[in-house]
There are 2 protein chains.
Amino acid sequence: MIMTAKIESFVMHCGEMGSRWGFNRTVGQMYGLLIIHEQALSAVEIAEALNISRGNVSMGIKELQSWRLVSVHHKPKDRKEYYSPAGSIWEMATRVFEERRKREVDPTLSLLRDNLLDEPTNDKEVYAHQQMHEIHDLLETVTHWAGELQSMNPDNLTTLMKLGAGVSKVIDMKSKLLSNNK
Amino acid sequence: MIMTAKIESFVMHCGEMGSRWGFNRTVGQMYGLLIIHEQALSAVEIAEALNISRGNVSMGIKELQSWRLVSVHHKPKDRKEYYSPAGSIWEMATRVFEERRKREVDPTLSLLRDNLLDEPTNDKEVYAHQQMHEIHDLLETVTHWAGELQSMNPDNLTTLMKLGAGVSKVIDMKSKLLSNNK
DNA sequence: GTATAGTTTCAGAAATTACTGAAACTTCAG
DNA sequence: CTGAAGTTTCAGTAATTTCTGAAACTATAC
């Protein structure tokens with residue numbers, strides 16, 4: 001048997017949270033199971049561990065692949081496919097983050113850009129235009145920043161996070177140094 | 001009539017995105033409508049603009065209130081309640097962010113903390129323990145950092161975002177300064 | 001080729017989630 | 001107190017999403 005009580009509680013929790021994280025219950029459970037289980041698992045093993053149909057596993061794997069969250073392995077002398085989580089815990093977090101940005105923010109940014117192209121024609125639209133503009137700029141800034149953070153090397157990123165609010169002191173320091181150079 | 005074509009496209013988009021942002025279609029539309037419309041709207045006006053039932057509006061308003069995203073107004077000589085978005089665009093973003101953290105991350109952190117309390121009893125659990133530990137630490141760090149960013153004053157935050165990846169240079173600079181002091 | 005071991009697909013069923021509208025409730029003015 | 005103007009609730013229904021399982025497909029060994 002694959003699951004002990006504690007492992008099961010984690011896997012079921014992933015299921016309950018699944019929909020909040022952007023996928024559905026079974027996909028959440030599947031991913032939880034893969035993360036918590038050291039050995040890669042075959043589709044049949046997943047189906048048995050979670051009591052779901054073989055077809056459902058297949059669809060779930062496809063979904064996880066679209067998030068770039070699983071990798072596939074083969075064992076010698078065995079035709080089955082074995083699945084395990086793709087990358088480290090850290091990578092998994094950045095991938096979920098990035099994919100969610102694509103799904104949750106990018107479409108909105110593109111709608112806003114389109115809508116902002118033509119000029120407002122009456123009072124209501126002037127206000128609407130203004131609001132959309134503000135949302136657009138905010139999303140752009142945040143998206144851009146998120147991208148840059150992701151491109152930093154993980155060590156610096158960790159330093160930055162550990163620094164926390166202290167970062168504002170560093171910024172102050174920087175602006176003082178710069179103004180001295182004038 | 002409340003909506004022009006362009007406003008409608010924005011409102012309907014908010015509806016389609018609603019479920020990805022953490023609420024359902026109608027709640028998304030309602031919030032979009034409130035954001036884009038300068039004057040506060042009554043429940044009946046919302047119901048008519050979106051072609052939904054009065055009861056649905058009431059439930060939607062409750063949902064938006066649980067996210068701290070609407071505020072209620074009264075007009076003199078009028079018993080109706082009028083609704084408008086709570087706070088600036090910036091505040092709305094931080095609220096959605098914060099509420100989502102509460103719903104998406106906090107429950108997991110608490111499950112992990114509980115599970116990590118008792119020691120693993122076999123090989124499978126040793127590995128599971130390790131993984132949960134890693135996820136726990138990552139979520140803690142990120143949550144903590146997000147909290148600190150939110151507590152920074154908006155100007156510094158903007159500077160920080162504009163700085164983007166350039167922040168790693170500032171960090172380098174800081175560590176050089178510190179090591180010179182040794 | 002054909003038998004075998006596996007994966008994928010997808011129509012229909014099951015489960016979940018959202019919506020309506022009528023009834024219950026609340027508040028206030030007279 | 002009564003009635004009018006409003007809000008909320010919730011049982012039942014509608015819409016959407018997810019899941020199953022059988023059939024179709026693919027790849028490999030012999």
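The chains referred to below are lettered A, B, ... by the order of the sequence lines, with proteins before strands, and numbering in each begins at 1.
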Distance, rounded to the nearest Å, where A/Lys77 contributes NZ and D/dT28 contributes C1': 12 Å
Residue mapping more 5' on DNA chain D - nearest nucleotide basis, A/Arg25 or B/Ser58: B/Ser58
Aromatic ring pairing B/His129/B/His133, orientation class (parallel under 30°, perpendicular over 60°, tilted between): tilted
Distance in Å, B/Ile89 CD1 paired with A/Met132 CE, rounded so as to fall on 0.5 Å steps: 11.0 Å
Gap between atoms CG and P, on A/Leu50 and D/dC19 respectively (whole Å): 11 Å
Distance test, side-chain N/O of B/Lys62 to OP1/OP2 of D/dT9, below 4.0 Å: yes
Donor on one side chain, acceptor on other, B/His74 and B/Asp78, under 3.5 Å: no
Shortest non-hydrogen contact from A/Ser66 toward A/Arg103: O-NH2, 3.3 Å
Nearest-angstrom distance from the residue atom CG of A/Asp78 to C1' of D/dA27: 14 Å
B/Glu125 bridged to A/Lys6 by N-O distance under 4.0 Å: yes
Distance, rounded to the nearest Å, where A/His74 contributes NE2 and C/dG6 contributes P: 12 Å
Ion pair B/Arg68/B/Glu99, N-O distance below 4.0 Å: yes
Upstream residue (5' side of DNA chain C) when A/Gln65 and A/Ser19 are each assigned their closest nucleotide: A/Gln65
Inter-residue atom distance A/Met59.CE - A/Lys62.NZ, 0.5 Å rounding: 9.0 Å
Nearest-angstrom distance from the residue atom CD of A/Glu63 to P of C/dT9: 14 Å
Separation of atom CZ in B/Phe23 from atom P in D/dT16, rounded to whole Å: 19 Å
Nucleotide C/dT17, atom C1' - distance to CD of A/Glu16 in whole Å: 17 Å
Nearest-angstrom distance from the residue atom CD of B/Glu81 to P of D/dA5: 17 Å
Heavy-atom protein contacts under 4.0 Å, nucleotides 20-30 of chain C, coded B base, S sugar-phosphate only, - none: BB-----BB--
OP1 or OP2 of D/dC19 under 4.0 Å from side-chain N/O of A/Asn24: yes
